[in-house]
2 protein chains.
Amino acid sequence: MLNYETRLDRVFHALADPARRSMVDRLCKGPASVSDLAKPLSMSLPAVVQHLHVLEQSGLVRTKKVGRVRTCTVETKMLRTVEQWVTERRTFWERRLDRLGEFLKETAEPADKT
Amino acid sequence: MLNYETRLDRVFHALADPARRSMVDRLCKGPASVSDLAKPLSMSLPAVVQHLHVLEQSGLVRTKKVGRVRTCTVETKMLRTVEQWVTERRTFWERRLDRLGEFLKETAEPADKT
DNA sequence: TTCATAGTTAAGCATTCACTTAAGTATCAT
DNA sequence: ATGATACTTAAGTGAATGCTTAACTATGAA
């Protein structure tokens, strides 16, 4: 099992490519085969398979082969992980700004004013 | 001005590196100089500057040089953009699952049951 | 059995990435 | 003016990325 940092590396890297993001977009609308995913992309099938592999390794996508077609689905668990990482940082920064605002207000109006 | 897709490429790419994420972590706790950012990292200063440049280009970090010190801050606007992208996809998928659940429930209990 | 479909594997190639070291350039302190 | 601090720039290197084409392997259909 991979550690948290490495999983973040992989998932952010996976999302850093427009072709892979478009595959995720497509899969959010429902499962699809490899050739379904390839159709809107202007690149060879092997290239699509390579992107798919990156998505699988990142944990964003799961696939299962039945007969000769491989069906792909998104894994929301990983989307949640990303979401959480970003939200934590953003809110941490925003709370800091709030505290700073409070501090400035208190400094403007002396504490013994009332 | 860059388009939405390219900005997403850059911001996800920027976050795909542990050193850069640790720099963002640090900056969420408050502004810092380049050498502040470099201190906990086991790499040369030029390497840190290069990572910083990637963060600036992604829009995640702003910097301003005063005297000989460059001060860096996070830009939450870009964190929000990432957050929104992920949330949209996740909720889209979850709504799909909800609709599917409804459908299965309806199919299990015939409509004329009541 | 023969053909087409769906995907896989392998190899190669240009580009980008994440560093490094070495040599700068401003600023600030004495 | 001298030296130290805080970066900055440039050039080089090995590894990873994002493709490609060519050849191959299953599976399903006729």
Side-chain angles (χ1 to χ4, degrees), chain A residues 2-3 5-27 30-74, chain B residues 2-3 5-27 30-74:
Chain A
L2 287 171
N3 65 48
E5 282 301 309
T6 310
R7 278 186 291 138
L8 282 178
D9 288 0
R10 293 203 181 173
V11 76
F12 279 121
H13 169 71
L15 292 174
D17 184 281
R20 287 193 294 259
R21 279 200 308 279
S22 88
M23 289 164 79
V24 171
D25 271 350
R26 169 63 190 80
L27 291 177
S33 69
V34 175
S35 17
D36 284 343
L37 291 177
K39 235 168 265 166
L41 301 173
S42 48
M43 63 177 70
S44 68
L45 209 111
V48 172
V49 172
Q50 282 165 31
H51 282 304
L52 183 59
H53 190 66
V54 172
L55 287 169
E56 276 194 84
Q57 289 302 304
S58 79
L60 280 168
V61 167
R62 303 185 95 226
T63 76
K64 196 189 176 187
K65 194 163 181 177
V66 175
R68 58 186 167 171
V69 6
R70 180 174 296 280
T71 303
C72 317
T73 50
V74 268
Chain B
L2 287 171
N3 65 48
E5 281 301 308
T6 310
R7 279 186 290 137
L8 282 177
D9 288 0
R10 293 203 182 174
V11 78
F12 279 122
H13 170 71
L15 294 173
D17 184 280
R20 286 192 295 259
R21 279 199 309 279
S22 87
M23 290 166 78
V24 170
D25 272 350
R26 170 62 191 79
L27 291 177
S33 70
V34 175
S35 16
D36 283 343
L37 292 177
K39 234 167 268 166
L41 301 173
S42 49
M43 63 178 68
S44 68
L45 210 111
V48 173
V49 172
Q50 281 165 30
H51 281 305
L52 183 59
H53 190 65
V54 171
L55 287 169
E56 277 194 83
Q57 290 301 306
S58 77
L60 280 169
V61 168
R62 302 185 93 226
T63 78
K64 194 189 176 189
K65 196 164 181 177
V66 175
R68 58 186 166 169
V69 174
R70 177 173 298 279
T71 303
C72 316
T73 50
V74 269

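Chain naming here is simple, since letters A, B, ... match the order of the sequence lines and numbering starts at 1 in each.
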Review point. In residues 57-71 of chain B, which residues come under 4.0 Å of DNA chain C by heavy atom?
Key: B/Gly67, B/Arg68

Practice item. Grab the CG-P distance between A/Asp36 and C/dT5 for me, whole Å please. Key: 15 Å

Review point. Which whole-number value in Å describes the distance from A/His53 NE2 to C/dG7 C1'?
Key: 15 Å

**Study point:** side chain to side chain contact (heavy atoms under 4.5 Å, CB included) partner of A/Met23, chosen from A/Val54, A/Val61, A/Val48
**Key:** A/Val48

Practice item. Please tell me which of B/Val34 and A/Ala19 maps to the more 5' nucleotide of DNA chain D, matching each residue to the nucleotide holding its nearest heavy atom. Key: B/Val34

Check your understanding: Contacts to DNA chain C from residues 5-13 of chain B, heavy-atom cutoff under 4.0 Å, which residues?
Key -> B/His13

Check your understanding: Does B/Arg62 have any side chain to side chain contact (heavy atoms under 4.5 Å, CB included) partners at least two apart in sequence or in another chain, and if so, which?
Key -> B/Thr73, B/Glu75

**Study point:** Distance in Å, B/Gln57 CD paired with B/Leu52 CG, rounded so as to fall on 0.5 Å steps
**Key:** 10.5 Å

**Study point:** Atom pair distance, as rounded to whole Å: CG in B/Leu55 and P in C/dA18
**Key:** 11 Å

Point to revise | Distance below 4.0 Å between B/Ser35 side-chain N/O and D/dC7 OP1 or OP2 | key: yes

Exercise for review: Find the distance between OG1 (A/Thr71) and NZ (A/Lys65) and round it off to the nearest 0.5 Å.
Suggested key: 10.5 Å

Practice item. Name all pairs fulfilling the side-chain hydrogen bond (donor to acceptor under 3.5 Å, both in side chains) condition that reach into residues 45-55 of chain A, sequence neighbours left out, sorted by first residue then second. Key: A/Arg20-A/His51

**Study point:** side-chain contact (heavy atoms from CB on, under 4.5 Å) between B/Leu55 and B/Leu27, intermediate numbers included
**Key:** CA-CA 11 Å; B/Leu55 287 169; B/Leu27 291 177; 5.6 Å; no

Practice item. Would you indicate whether the side-chain heavy atoms of A/Arg10 and A/Leu60 approach each other to under 4.5 Å? Key: no

Exercise for review: Calculate, to the nearest 0.5 Å, the distance between atoms CG and CZ belonging to A/Leu2 and A/Arg7 respectively.
Suggested key: 7.5 Å

Practice item. Report the distance from atom CE of B/Met23 to atom P of C/dA18, rounded to the nearest whole Å. Key: 12 Å

Practice item. Write down the distance between CZ (A/Arg21) and C1' (D/dG18), rounded to a whole number of angstrom. Key: 15 Å

**Study point:** N/O (side chain, B/Ser33) to phosphate O (OP1/OP2, D/dA6) under 4.0 Å
**Key:** no

Exercise for review: Within residues 37-50 of chain A, find the residues that approach DNA chain C with a heavy atom at under 4.0 Å, and present them sorted by residue number.
Suggested key: A/Leu45, A/Pro46, A/Val49

Point to revise | Nearest atoms (heavy-atom pairs only) where A/Arg21 meets A/Ala16 | key: NH1-C, 3.7 Å

Side-chain donor-acceptor contacts of residues 30-43 of chain A below 3.5 Å, not counting sequence neighbours, with atom names and distances?
from    : atom 1 : to      : atom 2 : distance (Å)
A/Ser33 : OG     : A/Asp36 : N      : 3.1
A/Ser33 : OG     : A/Asp36 : OD2    : 3.3
A/Asp36 : OD1    : A/Lys39 : NZ     : 3.4
A/Asp36 : OD2    : A/Ser33 : N      : 3.1

